[in-house]
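For reference, the structure is listed below as structure tokens.
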Amino acid sequence: MEKVLRDGFIFLSQNKTLNGLAKRYGLKFGASRFVAGDSLEASKRAIQELNAKGLCVTMDHLGEFISTVAEAEMMTQECIRAVEMIAEEKLDSQLSLKLTSLGLDISDDLIRSNMERILTRAKELGVFVTIDMEDEPRCEKTIQLFEELRQSFDNIGTVIQSYLYRSEDDIKRVGRFETNLRIVKGAYKEPATVAFPEKEDVDHNYIKLVKLQLSLGNYAAVATHDDAMIEQVIRHAKENGIEKDQFEFQMLFGIRVERQLELVKQGYKVRVYVPYGRDWYGYFMRRLAERPANVAFVLKGMVKG
């Protein structure tokens, strides 16, 4: 039943009609639990509150699969404004972004130019930028662009998904750049030809990839809410003399808040992924797909609404 729900929410996340309705009617029916607000100002308030609790942040202006140069330009300008806000407000925050929101599917020249503009301003202001990984058909283009940009910018990292068969090779491939990697399980529906279909295999590969990244001496952002995964990473670090400054834990805004604070009290760096913006629908559906138990929260919101 859980798999059926997961597949259903992933399918819904790609529905453009529903996405349009979500933009029109705003953050209702429980989405505000996972999204900091629809504006940069709203995200600033959320980040300040998290920073005050000892939590670091990576912020993300939601948006993906745009189809025009004008939309890509708007998203690029928003990313630059976010970087400038981080610096001006002295926030403990990085920036995360999706290449499809900046023109990846429109042209190679456009996405390269937009990324260079963002990274140039971010480097000037000392802000780190992470390229989120999207679905498997866009994985190779994302890695290639990262490799190209990394030769000119040292304030850039990317994401590796443990459900993809290719991920071990990708970590070794980008490892030569001493890459800061966020390691996640993956939240898109992929065929068994490219991804592990069973959760047990995805989990096993996740720990394997974290250990590989650490063994290369590179920084690992361990993005998981799973206590078993967290404890395995902590134990591995202790047993192998890996210092706390070589890795951090990352969790999503609004999920397992008490656990985030517990880890901070134990001396671990915890970074919260804070999304904001009007284009929240796809992100929200994938969060429901990852953890169908969240549906109960949404239903309560609908009843209250």
Side-chain angles (χ1 to χ4, degrees), residues 10 13-14 16 19 58-84 94-125 127-161 163-184 186-191 193-195 218 221 273 275 277-279 282-283 286:
I10 291 175
S13 74
Q14 300 165 343
K16 292 184 178 180
N19 188 36
T58 182
M59 63 184 302
D60 176 18
H61 182 230
L62 294 173
E64 51 196 287
F65 307 121
I66 57 94
S67 57
T68 69
V69 173
E71 289 175 311
E73 175 61 23
M74 181 187 70
M75 293 295 292
T76 300
Q77 291 181 10
E78 180 69 17
C79 286
I80 292 172
R81 282 194 292 270
V83 164
E84 292 173 341
Q94 300 175 353
L95 175 71
S96 292
L97 50 78
K98 287 181 171 58
L99 295 182
T100 54
S101 74
L102 300 167
L104 180 69
D105 295 344
I106 298 175
S107 83
D108 293 344
D109 289 342
L110 179 65
I111 184 60
R112 186 182 304 108
S113 172
N114 287 342
M115 281 301 301
E116 287 175 346
R117 289 165 59 197
I118 295 166
L119 288 168
T120 296
R121 189 62 174 139
K123 188 171 184 178
E124 291 171 351
L125 297 172
V127 177
F128 192 84
V129 177
T130 297
I131 299 175
D132 286 344
M133 192 61 71
E134 301 179 69
D135 53 348
E136 193 276 337
R138 295 174 174 86
C139 187
E140 180 60 27
K141 287 185 71 173
T142 299
I143 294 289
Q144 288 177 358
L145 182 60
F146 168 80
E147 290 175 316
E148 181 180 341
L149 294 168
R150 183 62 180 81
Q151 295 178 53
S152 301
F153 300 96
D154 59 4
N155 60 322
I156 182 175
T158 190
V159 178
I160 295 295
Q161 300 166 316
Y163 68 173
L164 296 181
Y165 301 138
R166 61 174 291 163
S167 291
E168 181 176 353
D169 289 336
D170 284 338
I171 288 182
K172 294 174 182 177
R173 174 177 167 182
V174 301
R176 70 185 189 278
F177 296 112
E178 299 181 352
T179 304
N180 178 324
L181 286 179
R182 178 192 304 148
I183 301 175
V184 303
Y188 295 84
K189 182 173 175 56
E190 305 288 3
T193 52
V194 300
N218 296 331
Y273 187 96
R278 295 179 62 240
D279 197 4
Y283 173 85
R286 288 193 294 274

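- Distance check, rounded to the nearest 0.5 Å: CZ of R150 to CD1 of I143 gives 13.5 Å.
- Annotation: side chain to side chain donor-acceptor pair (under 3.5 Å) contacts of D169 (sequence neighbours excluded): none.
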Evaluate the side chain to side chain contact (heavy atoms under 4.5 Å, CB included) criterion for residues F153 and M115: first the C-alpha distance (whole Å), next the side-chain angles of each, then the deciding distance (0.1 Å), finally the verdict. CA-CA 11 Å; F153 300 96; M115 281 301 301; over 6 Å; no
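- Between I106 and S67, the shortest heavy-atom distance links the atoms CD1-C, 3.8 Å.
- Salt bridge status for R112 with E116: absent, with no side-chain N to carboxylate O gap under 4.0 Å.
- In this structure, D170 CG and T158 OG1 are separated by 9.0 Å, a value rounded to the nearest 0.5 Å.
- M75 is linked by a side-chain contact (heavy atoms from CB on, under 4.5 Å) to H61, S101, L102, counting only residues two or more places apart in sequence or in another chain.
- Counting only heavy atoms from C-beta outward, the side chains of L119 and N155 approach each other to under 4.5 Å.
- In this structure S113 satisfies the side-chain contact (heavy atoms from CB on, under 4.5 Å) test together with R117, sequence neighbours excluded.
- Of all non-hydrogen atoms in S96 and D60, the two that sit nearest each other are O-OD1, 3.3 Å.
- With sequence neighbours left out, F177 forms a ring-ring contact (aromatic ring centres under 6.0 Å, His included) with no residue at all.
- A82 is linked by a side-chain contact (heavy atoms from CB on, under 4.5 Å) to L40, M59, L95, Y276, counting only residues two or more places apart in sequence or in another chain.
- In terms of heavy-atom proximity, T179 sits nearest to F146 at CG2-CZ, 3.4 Å.
- Scored by the side chain to side chain donor-acceptor pair (under 3.5 Å) test, R121 finds E84, E124 as partners (sequence neighbours excluded).
- Atom CG of residue L104 and atom CD of residue E134 lie 7.0 Å apart, to the nearest 0.5 angstrom.
- With sequence neighbours left out, D154 forms a salt bridge (Lys or Arg N to Asp or Glu O under 4.0 Å) with no residue at all.
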Does the pair R166 and E140 meet the rule for a side chain to side chain contact (heavy atoms under 4.5 Å, CB included), with working shown? CA-CA 10 Å; R166 61 174 291 163; E140 180 60 27; 2.6 Å; yes
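- For D105, the salt bridge (Lys or Arg N to Asp or Glu O under 4.0 Å) partners two or more places apart in sequence, or in a different chain, are R138.
- Taking 4.5 Å as the limit, some side-chain heavy atom of I131 sits within range of a side-chain heavy atom of L97.
- In terms of heavy atoms, A122 sits closest to V83 at CA-CG1, 3.6 Å.
- For the pair M133 and V184, the minimum side-chain heavy-atom distance is 4.5 Å or more.
- At most 12 heavy atoms of other shown residues, nucleotides or ligands fall within 6.0 angstrom of atom CD in E178.
- Annotation: side chain of L181 is not in contact with side chain of N218 (no heavy-atom distance under 4.5 Å).
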Would I111 and K141 count as a side chain to side chain contact (heavy atoms under 4.5 Å, CB included) if you check the C-alpha gap in whole Å, the side-chain angles of each, and the deciding distance to 0.1 Å? CA-CA 11 Å; I111 184 60; K141 287 185 71 173; over 6 Å; no
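- Put simply, CD on Q161 and SG on C139 are 6.5 Å apart, with the number rounded to the nearest 0.5 Å.
- In summary, the side chains of E148 and Q144 do not present any donor paired with an acceptor at a separation below 3.5 Å, with no hydrogens or angles considered.
- Contacts of T193 classified as side chain to side chain donor-acceptor pair (under 3.5 Å), with partners at least two apart in sequence or in another chain: none.
- Interatomic distance, CD1 of I118 versus CD1 of I156, reported as 10.0 Å (0.5 Å rounding).
- In this structure E190 satisfies the side chain to side chain donor-acceptor pair (under 3.5 Å) test with no other residue, sequence neighbours excluded.
- Without hydrogens or angle criteria, Y163 side chain to K189 main chain gives no donor-acceptor distance under 3.5 Å.
- When the side-chain contact (heavy atoms from CB on, under 4.5 Å) test is applied to R176, the partners found at least two apart in sequence or on another chain are E147, R173.
- Taking CG of L110 as the reference point, atom OG1 of T76 lies at 7.0 Å (rounded to 0.5 Å).
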Show your reasoning for whether side chain to side chain contact (heavy atoms under 4.5 Å, CB included) applies to Y273 and T130. CA-CA 11 Å; Y273 187 96; T130 297; over 6 Å; no
